[in-house]
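Below: the structure, in structure tokens.
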There are 2 protein chains.
Amino acid sequence: MAVSERGPRERMVFSAAQLIRRHGVGATGMREVAVHAGAPRGSLQHYFPGGKEQLVNEAVAWAGRYAGRRVARFMEGMAEPTPGGLFAAMVRQWTDEYETAGLLAGCPVAAATVDCADATESTREAAAGAFATWTAPVAGALTDMGVPTERAEPLATLMISSLEGALLIARAERDTRALTTVAGELAPMLDAVATGAACS
Amino acid sequence: MAVSERGPRERMVFSAAQLIRRHGVGATGMREVAVHAGAPRGSLQHYFPGGKEQLVNEAVAWAGRYAGRRVARFMEGMAEPTPGGLFAAMVRQWTDEYETAGLLAGCPVAAATVDCADATESTREAAAGAFATWTAPVAGALTDMGVPTERAEPLATLMISSLEGALLIARAERDTRALTTVAGELAPMLDAVATGAACS
DNA sequence: CGGCTACTATGACCACGGTCATAGACGGCC
DNA sequence: GGCCGTCTATGACCGTGGTCATAGTAGCCG
């Protein structure tokens with residue numbers, strides 16, 4: 001996964017994100033993270049003196065940056081970009097993963113929110129930050145495609161919400177049905193908005 | 001919360017759902033459930049010999065039935081029901097809770113999915129079942145409002161996905177912004193579809 | 001070489017939590 | 001009353017997991 005030659009610290013953050021999105025925060029152990037990253041257990045307390053909380057927060061932030069960066073990739077990959085096309089690409093990343101991996105893991109930010117939002121303030125803030133650093137590029141892409149500025153961020157929030165929710169249902173059903181359905185329904189609506197079609 | 005006079009068993013299921021949606025499955029202890037339900041600890045193993053797994057599964061199923069039943073209430077409460085109006089009502093239930101409770105808990109089904117989808121098959125199935133028993137009444141309501149039958153279930157999935165995702169973001173941000181935004185954006189789109197407006 | 005810093009390595013502590021085992025209380029029914 | 005099923009009550013076991021403490025290793029600099 002193109003992670004081979006990063007420092008051990010980044011590998012641990014990456015591994016934490018991977019494990020969290022599969023098993024949730026509570027069920028992910030520090031020892032487990034170390035093993036998954038191929039890193040010594042002692043390095044955890046060395047790089048993350050803040051303990052599990054710090055590790056989780058960094059994993060969440062990492063996931064947010066990753067998701068944000070993907071948006072630019074999706075835009076580059078489209079001949080004639082449209083809002084619906086961008087959304088379809090965002091969804092396809094997940095359906096593709098299901099095809100290849102055979103199993104659908106979740107979003108680490110979602111997992112952190114569900115598990116920590118009420119208990120750990122800093123993690124809640126990290127999750128909010130991650131959503132923000134994900135929403136911004138989406139909204140930016142929308143404006144680049146001609147969506148009015150004041151609609152861009154609301155629509156970006158709608159897109160991410162639908163994706164996260166569909167991902168949840170897809171995991172429960174062990175089936176990409178919800179993801180493809182949401183893409184099939186929402187994408188045309190987004191394009192209709194962008195072309196200024198009659199909505200409201 | 002109108003739970004006062006139910007049997008102790010149902011109270012425990014209810015309490016489990018409440019605690020799960022706040023702290024997640026992993027962080028919710030059996031002892032904690034018993035205390036919250038005002039029930040003796042020994043009753044847990046008596047009513048739920050299947051242990052925590054059984055309790056969680058029943059809590060998830062209960063939440064699914066509850067959500068499904070709410071749909072009928074929402075329909076009754078609307079003078080001239082529209083898909084967008086139904087969605088707005090579904091969202092409002094959550095924003096109202098935030099106003100009154102001051103804190104936004106999540107959806108127990110979402111929490112169970114995030115925490116157990118990969119580890120506990122039965123819970124994953126319970127979550128899938130819960131989404132199904134929630135989606136069905138929504139789709140039924142849509143058809144009653146004139147939405148073509150083949151579009152009803154996909155749109156219901158879109159509605160629930162958006163709601164779940166927005167709820168996630170709202171929890172992370174400790175703000176109903178995402179919920180109101182999604183309602184404001186998606187509701188008109190849904191009505192446009194229902195009235196057969198130009199979308200795709 | 002001595003010492004310092006960065007990192008690795010492991011064992012131990014301790015709290016938490018799910019489960020089991022056992023036994024006590026209540027209430028109906030023969 | 002004596003019996004039994006339902007429910008309540010509580011203590012104990014044991015695995016798990018986060019954290020702390022303590023060394024050990026490697027490399028650099030003076």
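Note on naming: letters A, B, ... go to the chains in the order of the sequence lines (proteins, then strands), and numbering restarts at 1 for each one.
Distance B:K52 NZ to C:dC20 P: 15 Å, rounded to the nearest Å. Distance B:M30 CE to D:dT10 C1': 16 Å, rounded to the nearest Å. Taking atom CD of residue B:E10 and atom P of nucleotide D:dC7, one finds them 15 Å apart after rounding to whole Å. Here C:dC7 presents its P atom at 12 Å from CZ of A:F48, a figure rounded to the nearest Å. B:L44 places its CG atom 12 Å from the C1' atom of C:dG17, with the value rounded to the nearest Å. For the pair B:R9 CZ and D:dT8 P, the interatomic distance rounds to 12 Å; values are reported in whole Å. In this structure, B:M12 places its CE atom 11 Å from P of D:dA9, rounding to the nearest Å.
Nearest-nucleotide positions on DNA chain D place B:H46 closer to the 5' end than the other of B:H46 and A:E32. Of the two residues contacting DNA chain C, namely A:R31 and A:P40, the nearest-nucleotide position lying further toward the 5' end is that of A:P40. Comparing B:Y47 and A:G50 against DNA chain D, the residue whose closest nucleotide sits nearer the 5' end is B:Y47.
Note on B:Q45: a base of the nucleic acid sits closer than 4.0 angstrom, heavy atoms only. Nucleic acid contact for B:G42: base, since at least one base atom lies under 4.0 Å from a heavy atom of the residue.
There is a path of hydrophobic side-chain contacts, each under 4.5 Å, that joins A:M78 to A:M159. When the side chains of ILVMFWY residues are joined at heavy-atom separations under 4.5 Å, either directly or via intervening members, A:L168 and A:F87 end up in two distinct hydrophobic clusters.
Residues B:T120 and B:E53 bring no donor and acceptor atom of their side chains to less than 3.5 Å of each other. For A:E58 and A:Q54, the side-chain atoms include at least one donor-acceptor pair closer than 3.5 Å.
Annotation: B:R69, atom CZ; neighbour count of heavy atoms from other residues, nucleotides and ligands within 6.0 Å is above 12.
Distances shown here put a side-chain N or O of A:S43 below 4.0 Å from the OP1 or OP2 atom of C:dT8.
No donor-acceptor contact under 3.5 Å links the side chain of B:R41 to the base of C:dG18.
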